[in-house]
Engineer: 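Here it is, the structure, as structure tokens.
Counting convention: from 1, in listed order, for ligands and their atoms alike. Counting begins at 1 with the first residue of the sequence.
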Amino acid sequence: MPIDITQQSLSGIRDAIASRAVTAAAVVERYLNRIAALDGAVGAFNEVLTQRAMRRAELVDNGELRGPLAGVPIAIKDNICTSFGKTTCSSKILGDYRSPFNATVIDRLERAGAIIIGKTNLDEFAMGSSCENSGFAPTRNPWDTDRVPGGSSGGSAAAVAADLCAGALGSDTGGSIRQPAAFCGVVGLKPTYGRVSRYGLVAYGSSLDQIGPITRTVADAAAMLNVIAGHDPLDSTCADEITGGPVPDFNMGLGTPVENLRIGVAQQYMSDSNDPAVNDAVSSAIERFEKMGATIVVVDLPHTEYGVPCYYIVATAEASSNLARFDGVHYGHRTARPNDLIDLYSASRAEGFGDEVKRRIMLGTYALSSGYYDAYYLKAQKVRRLIKRDFDNAFNQCDAIICPPAPAPAFRLGANTADPLQMYMADVYTVNANLAGIPGMTMPAGFTEVDGRRLPLGLQLLGPTFSEHKLLRIGAMFERETDYTSQRPVLSPASAG
Ligand code: GLN
């Protein structure tokens with residue numbers, strides 16, 4: 001193979017296959033070999049779909065399968081239903097679950113010729129920020145395997161960073177695409193609520209969840225979004241032409257700078273308590289945008305600090321209701337010898353769910369219980385409104401807001417596990433986009449050295465609803481001026497440790 005196919009863009013891989021410079025079978029094999037050699041150290045995959053991926057590659061090679069992603073190996077977060085392989089949500093309760101249907105995004109990817117190479121690890125039911133809540137085993141950060149990849153889509157982000165797939169899907173309820181992408185030095189895009197169908201995504205917080213791409217470059221994110229975005233009659237919250245406008249071609253205009261670009265900066269996001277390297281990376285990105293001719297506008301987001309408490313009420317309330325379906329009768333794990341029906345429910349759930357999931361079910365049930373509903377859930381909905389209004393006001397003055405994805409770079413495994421609140425607090429810069437329904441994208445913006453290891457730093461761009469095309473164009477402008485997205489972690493089988 002003349003070029004290293006694992007370093008190519010999604011369209012580069014597709015074109016190399018289409019022009020017969022390489023076969024799809026060889027591409028898939030190359031990735032499978034990397035997974036076999038390196039995933040022992042990273043632990044990104046719950047399941048590798050070797051045989052099916054090879055069969056699909058043959059279809060591409062004999063011309064039966066075409067499309068904008070023909071032959072491109074893609075990894076899928078394991079809370080997105082596939083009618084092949086398992087869909088476990090990294091939970092023991094769904095340890096052997098096989099979905100009878102595909103999520104809409106899976107059908108769309110496969111219609112576009114993509115090859116699903118495997119299912120990736122996550123915090124159980126997407127509840128977490130480090131992948132340490134996986135019911136199976138934690139995933140490790142390819143830049144430093146003593147550190148977390150972020151979460152909950154940590155498996156997808158680590159797989160992309162370690163070149164174990166060409167791109168991946170994640171889901172983002174409060175930062176689960178953007179934060180792990182930032183921790184792993186790749187691009188992560190959470191679309192506007194409603195831009196991408198949630199049909200077949202195992203629900204966590206239904207008013208917050210969105211599926212989106214995790215990729216090496218901004219152009220790759222656009223290429224994946226192009227395939228998965230758009231109306232779906234199977235998801236009533238998915239936007240149609242009337243509510244979301246026509247879906248643009250996200251590849252279009254990526255090479256053209258946004259004219260008269262106004263970038264918003266909010267002091268609430270550039271807190272002194274952030275790791276100084278995080279603020280430095282964002283500040284130098286701001287300077288770079290200024291040099292590119294952008295106007296920097298100071299915006300005010302006064303309700304930012306209420307985001308985490310508000311999110312953890314709304315998300316847990318919705319989770320407690322969504323997870324009621326896992327009762328040992330309909331789905332997944334069933335206790336061996338129940339005494340009666342109630343015991344069947346409670347023992348199946350007690351055995352199947354991990355501690356963090358149980359904590360959230362209890363928090364959410366409490367927040368929704370009679371007598372507390374007004375004090376917690378109703379109040380959180382009002383705060384949510386204020387957070388949305390902050391963004392509406394800010395976007396009257398700017399095209400996008402630039403801010404850090406998280407207060408610090410990837411932390412060590414175990415560093416935050418003893419204190420759930422500390423873990424929740426670190427979601428402060430991502431949850432508000434979900435509460436407001438707006439799109440957010442994180443991308444590489446530099447590196448910091450900690451204990452002799454290079455760790456990626458990210459920046460986050462937030463925009464008004466349905467402005468993904470603009471975020472992608474702004475991100476592409478930054479990418480052209482820097483070389484962060486081209487840098488890869490050095491991983492060898494020896495780093496298995
Ligand atoms: N860390 C947040 C949580 O634990 C967000 C997770 C997500 O986006 N799925 O809920």
Engineer: For the residue pair L363 and Y312, establish whether any side-chain heavy-atom pair is separated by less than 4.5 Å.
Structural biologist: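 Side-chain contact under 4.5 Å: no.
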
Engineer: Can you figure out which of A315, G174, A319 has its heavy atom closest to atom 8 (O) of ligand 1?
Structural biologist: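 Checking each option, the heavy atom nearest atom 8 (O) of ligand 1 is found in G174.
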
Engineer: Below 4.5 Å, heavy atoms only, C-beta onward: do P149 and P180 meet side chain to side chain?
Structural biologist: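 A side-chain contact is absent here, since even the closest heavy-atom pair is not under 4.5 Å.
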
Engineer: I want to check something: taking the side chain as every heavy atom from C-beta on, are I74 and C165 in contact at a cut-off of under 4.5 Å?
Structural biologist: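 In short, these two side chains do not touch, never coming nearer than 4.5 Å.
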
Engineer: Among all protein heavy atoms in this structure, tell me which lies nearest to atom 5 (C) of ligand 1, with the distance rounded to 0.1 Å.
Structural biologist: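 The answer is Y311 OH, 3.3 Å.
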
Engineer: Any nitrogen or oxygen of S171 lying under 3.5 Å from a nitrogen or oxygen in ligand 1? Just yes or no.
Structural biologist: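 No, since none of the N or O atoms of S171 sits under 3.5 Å from an N or O of ligand 1.
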
Engineer: Does only the side chain of Y312 get under 4.0 Å from ligand 1, or the backbone, or both, or neither? Count heavy atoms.
Structural biologist: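 Near ligand 1, Y312 shows its side chain, while the N, CA, C and O stay back.
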
Engineer: So which bit of R360 gets within less than 4.0 Å of ligand 1, heavy atoms only: side chain, backbone, both or neither?
Structural biologist: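 It is the side chain that touches ligand 1; the backbone stays farther off.
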
Engineer: List the closest protein heavy-atom neighbour of atom 6 (C) of ligand 1: residue, atom name, distance to the nearest 0.1 Å.
Structural biologist: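 Scanning the protein heavy atoms, the shortest distance from atom 6 (C) of ligand 1 goes to S176 OG, 2.8 Å.
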
Engineer: Within a distance under 4.0 Å of any heavy atom of D172, pick out the atoms of ligand 1 and give their elements.
Structural biologist: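 Those atoms are 8 (O).
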
Engineer: Specify the closest pair of heavy atoms between C131 and N121, including all atoms of both residues, with the distance to one decimal.
Structural biologist: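 Looks like SG-O, 4.0 Å.
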
Engineer: Would you please test R349 and D327 for salt bridge (charged side-chain N to carboxylate O under 4.0 Å, His left out) and show each step?
Structural biologist: CA-CA 6 Å; R349 286 166 71 82; D327 55 6; over 6 Å; no

Engineer: May I ask you to check if ligand 1 and G128 share an N or O to N or O distance below 3.5 Å?
Structural biologist: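 Yes; at least one N/O pair falls below 3.5 Å.
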
Engineer: Will you find, in the side chains of S171 and K77, an N or O donor that is under 3.5 Å from an N or O acceptor?
Structural biologist: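 A donor-acceptor contact under 3.5 Å links the two side chains.
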
Engineer: Y311 and Y424: ring-ring contact (aromatic ring centres under 6.0 Å, His included), yes or no, with the steps?
Structural biologist: CA-CA 10 Å; Y311 168 83; Y424 299 172; 8.6 Å; no

Engineer: For atom CZ of R454, is the number of surrounding heavy atoms from other residues, nucleotides or ligands below 6.0 Å larger than 12?
Structural biologist: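 Enclosed.
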
Engineer: Please could you name the atoms of ligand 1 that Y204 approaches to less than 4.0 Å, counting only its heavy atoms?
Structural biologist: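 By the 4.0 Å cutoff, the relevant atoms are 3 (C), 9 (N), 10 (O).
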
Engineer: Is it the case that the ring center of F326 lies less than 6.0 angstrom away from the ring center of Y97?
Structural biologist: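 Ring centres of F326 and Y97 not closer than 6.0 Å.
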
Engineer: Does an N or O from K77, backbone or side chain, lie closer than 3.5 Å to an N or O of ligand 1?
Structural biologist: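 Looking only at distances, the answer is no, because the N/O contact criterion of under 3.5 Å is not met.
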
Engineer: If you measure every N/O of A126 against every N/O of ligand 1, is any gap under 3.5 Å?
Structural biologist: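 There is such a contact, yes.
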
Engineer: Could you check whether any heavy atom of S152 sits closer than 4.0 Å to an atom of ligand 1, since that is the contact criterion I want to use?
Structural biologist: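 Contact check S152 vs ligand 1: positive.
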
Engineer: Are any of the heavy atoms in Q179 under 4.0 Å away from ligand 1?
Structural biologist: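 No, Q179 has no heavy atoms under 4.0 Å from ligand 1.
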
Engineer: For D427 and ligand 1, does the shortest N/O to N/O distance drop below 3.5 Å?
Structural biologist: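 N/O-N/O distance below 3.5 Å exists for this pair.
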
